[in-house]
Amino acid sequence: MLSNRGVVYKGPGQVAVESIPYPTFQLNSQEQTRNCNHGVIVKCVATNICGSDQHMVRGRTTAKSGLVLGHEITGEVVQVGSDVENLSIGDLVSVPFNIACGRCVNCKERKTGICLNVNPSRPGAAYGYVDMGGWVGGQAEYALVPYADFSALKISNKERGMQKIKDIAMLSDIFPTGYHGAIQAGVGPGSTVYIAGAGPVGLACASSCFLLGAAVVIVGDLNKDRLAQAKSFGCHIVDVASDKTIVEQIDTILGEPQVDCAIDCVGFEARGCGHNHSTEVPAQVLNTMMEVTKAGGSVGIPGLYVTEDPGAADERARAGSLGLRIGLGWAKSLSFATGQCPVMQYHRKLLNAIMWDRIEIAKAVNATVISLDEAPQGYADFDRGVAKKFVIDPHNLIPRT
């Protein structure tokens with residue numbers, strides 16, 4: 001019997017590395033059992049801890065104990081389903097966090113974040129995430145990748161891929177997600193940009209903005225270590241805990257109080273500003289985006305917002321209802337774009353940017369390799385706000401440099 005271990009959510013504030021079933025080409029649900037011959041099984045080379053995972057671990061979602069976590073998977077194919085034609089044993093693949101069938105109308109339009117066939121509850125699915133279809137997570141030694149011909153991105157030069165594995169590990173989620181936020185906000189050559197949040201997605205977004213030609217990228221956060229990380233690759237910074245308002249700090253940097261484009265990389269666990277920065281204010285970032293974006297501008301919202309937040313401070317927020325100043329957004333004719341990043345729209349070209357040394361995304365997010373057994377400590381450190389992106393290496397295949 002083949003063995004497997006994974007990171008399991010045990011309840012608010014608790015994760016553990018436990019034995020879990022080795023994946024098979026069979027999908028089991030309450031409704032039916034069916035074959036998954038369109039899938040591959042991968043040996044996980046890199047599988048990252050994401051800020052979205054932290055929302056669950058903090059008890060801010062309806063996730064149940066026993067959920068195997070992890071949706072950022074890079075792996076080596078070790079078994080191939082009978083319907084798979086374009087992948088072979090030994091291939092190195094980047095796995096989009098979106099699970100998508102490739103057959104529904106949304107997938108055919110490359111809207112893979114809202115596939116219609118992979119989640120009985122709502123459009124869209126992901127590995128190891130609450131309300132996302134019940135798919136087993138990939139923070140494990142081995143994982144099943146369904147619809148593999150459609151979704152998995154083969155790294156053609158495997159040797160070069162392993163040399164850049166920490167960068168390639170970012171292709172499953174945070175690099176495309178940050179890039180998508182920049183695209184949503186209309187970032188282009190010469191743009192001035194404000195990004196809320198200097199966590200890994202915010203830093204990936206900032207790096208993406210430079211890749212897209214932005215003239216000035218301003219990153220705001222409460223965490224001084226994360227702001228220092230943003231500053232390390234050319235970003236201007238805004239200290240959200242300062243007595244000066246965000247608008248005032250942007251004005252000091254640009255000589256004007258508004259930017260062309262704004263991107264929310266924080267999401268629903270946002271906090272207040274200035275003297276109020278220790279208090280949770282779920283709509284804070286969204287309202288700030290409307291304030292700092294020029295009239296006619298665009299706001300990208302890759303930050304996660306949920307339909308149920310059992311840990312919210314007030315009743316409305318517990319149901320996902322936030323106090324937005326939508327009148328301000330309307331008066332300024334702002335455009336808003338939300339939702340999961342459709343990774344497949346971007347990951348092939350972003351892979352090219354990595355392989356041809358156009359971007360050092362692992363350096364930007366301070367990718368830090370840990371073992372599978374170190375994952376619980378990684379979660380604890382990430383929750384404390386360390387300026388690192390933890391990459392779990394279940395098989396000790398990545399050099400610790």
Side-chain angles (χ1 to χ4, degrees), residues 174 177-224 226-267 270-274 277 281 283-303 305 322 324-339 341 359 364:
I174 68 163
T177 292
Y179 188 88
H180 180 58
I183 293 292
Q184 288 178 319
V187 176
S191 296
T192 59
V193 186
Y194 176 67
I195 298 169
V201 170
L203 296 173
C205 182
S207 196
S208 297
C209 289
F210 286 126
L211 185 65
L212 288 164
V216 182
V217 178
I218 305 168
V219 178
D221 205 293
L222 301 163
N223 185 313
K224 289 180 170 52
R226 289 180 170 182
L227 288 175
Q229 180 64 24
K231 197 171 183 179
S232 73
F233 61 94
C235 300
H236 295 265
I237 59 173
V238 161
D239 183 354
V240 177
S242 170
D243 290 336
K244 289 187 176 180
T245 68
I246 294 173
V247 170
E248 289 171 338
Q249 293 181 71
I250 289 174
D251 192 22
T252 298
I253 295 167
L254 294 178
E256 57 180 329
Q258 294 185 322
V259 294
D260 298 321
C261 316
I263 306 155
D264 173 5
C265 294
V266 175
R271 296 187 179 274
C273 300
H277 70 268
V281 183
Q284 178 69 61
V285 172
L286 293 172
N287 287 329
T288 298
M289 298 290 99
M290 289 186 269
E291 188 176 7
V292 304
T293 306
K294 71 176 185 179
S298 297
V299 178
I301 312 174
Y305 289 86
L322 310 181
L324 297 180
R325 293 184 64 196
I326 196 65
L328 176 61
W330 188 93
K332 295 176 75 173
S333 294
L334 299 179
S335 299
F336 302 88
T338 69
C341 166
I359 192 167

- Query: Do Pro302 and Cys265 touch side chain to side chain, with heavy atoms closer than 4.5 Å?
  - Reply: yes

- Note on the structure: Heavy atoms of Ala230 and Ile237 approach each other most closely as CB-CG2, 4.4 Å

- Note on the structure: Separation between CD1 (Ile246) and CD (Gln249), nearest 0.5 Å, reads 7.5 Å

- Query: In Å and rounded to the nearest 0.5 Å, what is the CD1 to CE distance from Ile195 to Met289?
  - Reply: 9.5 Å

- Query: If only atom types and distance count, is the side chain of Ser232 paired as donor or acceptor with the main-chain N or O of Gln229 below 3.5 Å?
  - Reply: yes

- Note on the structure: Nearest heavy-atom contact between Leu203 and Ala364 is CD1-O, 3.7 Å

- What is the distance from atom CG of Leu334 to atom CG of Leu328, rounded to the nearest 0.5 Å? 7.0 Å

- Task: Using side-chain contact (heavy atoms from CB on, under 4.5 Å) as the criterion, point out the one residue from Val238, Asp251, Ile250, Thr245 that pairs with Val292.
- Result: Ile250

- Query: Rounded to the nearest 0.5 Å, how far does OG of Ser191 lie from CZ of Phe210?
  - Reply: 12.0 Å

- Please examine the side chains of Asp239 and Lys224, heavy atoms only from C-beta on, and report whether any two atoms are closer than 4.5 Å. yes

- Message: Is there a side-chain contact between Asn287 and Val281 in this structure, where contact means two heavy atoms from C-beta onward sitting under 4.5 Å apart?
- Response: no

- Message: Using side-chain heavy atoms (C-beta onward) and a distance below 4.5 Å, is Leu212 in contact with Tyr179?
- Response: yes

- Might you point out which heavy atoms bring Cys209 and Val193 nearest each other, and give the distance in Å? SG-CG1, 3.9 Å

- Item | Heavy-atom closest contact (Lys294 atom, Lys332 atom, distance) | C-CE, 4.2 Å

- Task: Starting at CD1 of Ile326, measure out to CZ of Phe336 and round the result to the nearest 0.5 Å.
- Result: 5.0 Å

- Query: If you look at every heavy atom in Arg226 and Gly199, which pair is closest and at what distance?
  - Reply: NH1-CA, 3.9 Å

- Task: Evaluate the side-chain proximity of Val187 to Ile263: yes if any heavy-atom separation is below 4.5 Å, no if none is.
- Result: yes

- Query: From Asp260 CG over to Tyr194 OH, what is the distance, rounded to the nearest 0.5 angstrom?
  - Reply: 15.5 Å

- Item | Nearest atoms (heavy-atom pairs only) where Gly178 meets Ser208 | C-OG, 4.0 Å

